[in-house]
Peer 1: 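Pasting a structure here, questions to come.
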Amino acid sequence: MAEINLALTKEGWYLTDEGVEELKRTSEKPTANYIIRIALNSDLRPIGRKFLPADINSGRVEKLEGPCVLQVQKVRNASAPKDNEESQGAPRMLRLQMTDGHTNAVGLEFKHLSQISLDTPPGTKVKILGTVQVKNGILLLDDSKISVLGGEVDHMMEKWELQRSLAKHSRSNIGREGGAPPFVPFGQKCVRNEEVDSRELDTRKTLVSTSVVKTADENEEFEKQRLAAIAEVAKNKEGTRTFGGGGNAGGNLVNTGSRDSYRRGDRGDRDSYRQRREERTERTEESSRPEGNYRELGSYREQPNYRELGNYRELVRALTF
């Protein structure tokens, strides 16, 4: 067992003990070469052992020492659109996604790879040779750094072929019924089956706005009604106004006659009213004047030199206490 593992490691095959035991079941006297032939057509993910650094995609790894066998997961042309990777509009630059069964790594076609193309199926085994430079987590590959071993994994091949057939079918339906519309380059006018005249569309409109013109008779009738309404409002303003429901309610208010007489210049009522108000004010002041101290204060104020008696406030305070 140890000799087989040592021989496998020397060839770049890093397999787990359980994986080796699984591959040895089909032979009574298995050898390293026999296990390698079986492993070529097997998926490395359940039987592979870790070899790639865990931080190989972080950008901290600068190189990878071979030999080691990796499994191709996917191949695409990074310089072409994803929907048309076979385009010849740009130089080919293949991007390989590979794995040792546990860790994925990305390899880039730094120089032309003669043994790998877009027709390389997933599950193909490749061997990394020598020292491979790693830049920003990407392995820089050329023919001197990689060798294709081959191999076919059935379930991976079936899925890959199905995806390719669906892609070709969708591209072949371009321009047909149910497919994508054909590409029209810039500057070329699209041809329509029907040309619609804008004037014909105008005649199809259901909502047509028309201007309403009033006749002379309608204008004259409207003017008569307006003048009648104005006259009615003016007539209502000349009527007698009552407040508070009429009658004697609000009798203290000035009636219409008094207002008219005042407007005509009759000053008698106003003077008599002013005189009565002054009399009421005097009576109120006399009734509210305090006796005693107020009179004494008045006697002081009658003296010519009452200002010399000191502060007026102190004098009032002395008289009240």
Side-chain angles (χ1 to χ4, degrees), residues 1-24 26-27 30-58 61-78 92-157 160:
M1 181 70 177
E3 295 179 357
I4 293 176
N5 289 337
L6 182 61
L8 293 174
T9 302
K10 186 177 180 181
E11 295 294 329
W13 289 87
Y14 291 85
L15 305 176
T16 61
D17 295 340
E18 294 81 3
V20 173
E21 291 293 335
E22 182 69 22
L23 298 176
K24 287 168 57 178
T26 57
S27 177
T31 61
N33 293 332
Y34 175 82
I35 294 176
I36 289 175
R37 288 196 304 270
I38 301 300
L40 282 175
N41 299 321
S42 302
D43 192 351
L44 276 185
R45 286 175 291 186
I47 63 175
R49 180 158 50 95
K50 290 184 179 181
F51 172 78
L52 295 174
D55 57 348
I56 191 171
N57 299 312
S58 64
V61 178
E62 297 181 354
K63 59 183 179 179
L64 178 66
E65 296 290 344
C68 68
V69 177
L70 302 177
Q71 179 175 277
V72 176
Q73 298 292 107
K74 188 176 182 180
V75 180
R76 70 172 305 265
N77 188 5
R92 190 188 78 165
M93 184 171 61
L94 298 182
R95 180 181 182 272
L96 282 69
Q97 183 177 345
M98 302 172 291
T99 182
D100 61 354
H102 298 274
T103 305
N104 294 330
V106 176
L108 194 65
E109 186 181 19
F110 185 67
K111 293 182 180 180
H112 181 73
L113 298 176
S114 59
Q115 300 179 0
I116 298 178
S117 66
L118 292 174
D119 295 329
T120 301
T124 302
K125 307 301 187 294
V126 295
K127 181 186 289 188
I128 302 298
L129 304 174
T131 302
V132 179
Q133 296 295 323
V134 181
K135 299 294 183 181
N136 296 325
I138 298 176
L139 282 68
L140 304 182
L141 303 177
D142 55 31
D143 282 341
S144 63
K145 302 298 182 182
I146 189 171
S147 174
V148 177
L149 302 180
E152 294 182 358
V153 181
D154 293 337
H155 66 276
M156 298 180 71
M157 283 284 295
W160 176 68

Peer 1: State, yes or no, whether a side-chain contact exists between S117 and R92 at a heavy-atom distance under 4.5 Å.
Peer 2: yes
Peer 1: As a quick check of understanding, evaluate side-chain contact (heavy atoms from CB on, under 4.5 Å) for V20 and L8, giving each step before the final call.
Peer 2: CA-CA 10 Å; V20 173; L8 293 174; 4.1 Å; yes
Peer 1: How far apart are the closest heavy atoms of I4 and P30, and which atoms are they?
Peer 2: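 The pair with the smallest heavy-atom distance is CD1-O, 4.0 Å.
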Peer 1: Once rounded to the nearest 0.5 Å, what's the spacing between atom CE of M93 and atom CG of L113?
Peer 2: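 It is 12.0 Å, given to the nearest 0.5 Å.
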Peer 1: Given 3.5 Å as the limit, does a donor-acceptor pair link the side chain of T124 with the main chain of T120, or not?
Peer 2: no
Peer 1: Does a side-chain heavy-atom distance below 4.5 Å link L94 with L118?
Peer 2: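 In contact.
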Peer 1: Taking the side chain as every heavy atom from C-beta outward, state whether V106 and I56 have any atom pair closer than 4.5 Å.
Peer 2: no
Peer 1: Do side-chain atoms of K127 reach the backbone of K125 as a donor and acceptor pair under 3.5 angstrom?
Peer 2: no
Peer 1: One thing to verify: whether E109 and R95 come together as a salt bridge, which I'm taking to mean a side-chain N less than 4.0 angstrom from a carboxylate O.
Peer 2: no
Peer 1: Which pair of non-hydrogen atoms, one from L23 and one from I38, has the smallest distance, and what is that distance?
Peer 2: CD2-CG2, 3.4 Å
Peer 1: Would you find a donor on one side and an acceptor on the other, under 3.5 Å apart, between the side chain of N57 and the backbone of N104?
Peer 2: yes
Peer 1: State the CD1-CG distance between I146 and L129, to the nearest 0.5 angstrom.
Peer 2: 8.5 Å
Peer 1: If I compare all heavy atoms of M156 with all of G123, which pair ends up nearest, and what's the gap?
Peer 2: CE-N, 3.8 Å
Peer 1: Does either side chain, that of Q71 or that of D43, offer a donor lying less than 3.5 Å from an acceptor on the other one?
Peer 2: yes
Peer 1: Salt bridge check, E62 against K135: does any charged N sit closer than 4.0 Å to a carboxylate O?
Peer 2: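 E62 and K135: not salt-bridged.
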Peer 1: Between T16 (side chain) and I47 (backbone), is there a donor-acceptor pair under 3.5 Å?
Peer 2: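 At least one qualifying donor-acceptor pair exists.
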Peer 1: For F110, look at atom CZ and say whether over 12 heavy atoms of other residues, nucleotides or ligands are found less than 6.0 Å away.
Peer 2: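 Incorrect, the count does not exceed 12.
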Peer 1: Before giving the answer on side-chain contact (heavy atoms from CB on, under 4.5 Å), spell out for L15 and I35 the whole-Å C-alpha distance, their side-chain angles and the decisive distance to 0.1 Å.
Peer 2: CA-CA 10 Å; L15 305 176; I35 294 176; 4.2 Å; yes
Peer 1: Whether the side chain of N41 engages the backbone of G151 through a donor-acceptor N/O pair (distance < 3.5 Å, no angle test) should be reported.
Peer 2: no
Peer 1: Can any side-chain N or O of Q115 pair as donor or acceptor with the backbone N or O of V148 at less than 3.5 Å?
Peer 2: yes
Peer 1: So, D142 and S144: side-chain donor and acceptor under 3.5 Å apart, yes or no?
Peer 2: yes
Peer 1: Below 4.5 Å, heavy atoms only, C-beta onward: do M98 and V126 meet side chain to side chain?
Peer 2: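 They are in side-chain contact.
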Peer 1: If you round to the nearest 0.5 Å, how far is CH2 of W160 from CD of Q73?
Peer 2: 14.0 Å
Peer 1: Do you know the tightest heavy-atom contact between S42 and V153?
Peer 2: O-CG2, 3.7 Å
Peer 1: Mind checking the CG-CH2 spacing from D100 to W13? Nearest 0.5 Å is all I need.
Peer 2: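 The distance works out to 12.5 Å.
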Peer 1: Are a donor atom and an acceptor atom from the side chains of R49 and H102 found within less than 3.5 Å of each other?
Peer 2: no
Peer 1: Measuring from atom CG of L139 to atom CD1 of I128, what distance do you get when rounded to the nearest 0.5 angstrom?
Peer 2: 6.0 Å
Peer 1: Does a side-chain heavy-atom distance below 4.5 Å link S114 with D143?
Peer 2: yes
Peer 1: Kindly say whether T131 contributes a backbone atom to a donor-acceptor pair with the side chain of K145 at under 3.5 angstrom?
Peer 2: yes
Peer 1: Identify the heavy atoms of P53 and L64 that sit nearest to each other, and give their distance.
Peer 2: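 Closest approach of P53 to L64: CD-CD1, 4.0 Å.
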Peer 1: Going through the distances and angles, do V61 and L52 end up as a side-chain contact (heavy atoms from CB on, under 4.5 Å)?
Peer 2: CA-CA 10 Å; V61 178; L52 295 174; over 6 Å; no
Peer 1: For Y14 and V69, run side-chain contact (heavy atoms from CB on, under 4.5 Å): C-alpha distance rounded to whole Å, both residues' side-chain angles, the deciding distance at 0.1 Å, then the answer.
Peer 2: CA-CA 7 Å; Y14 291 85; V69 177; over 6 Å; no
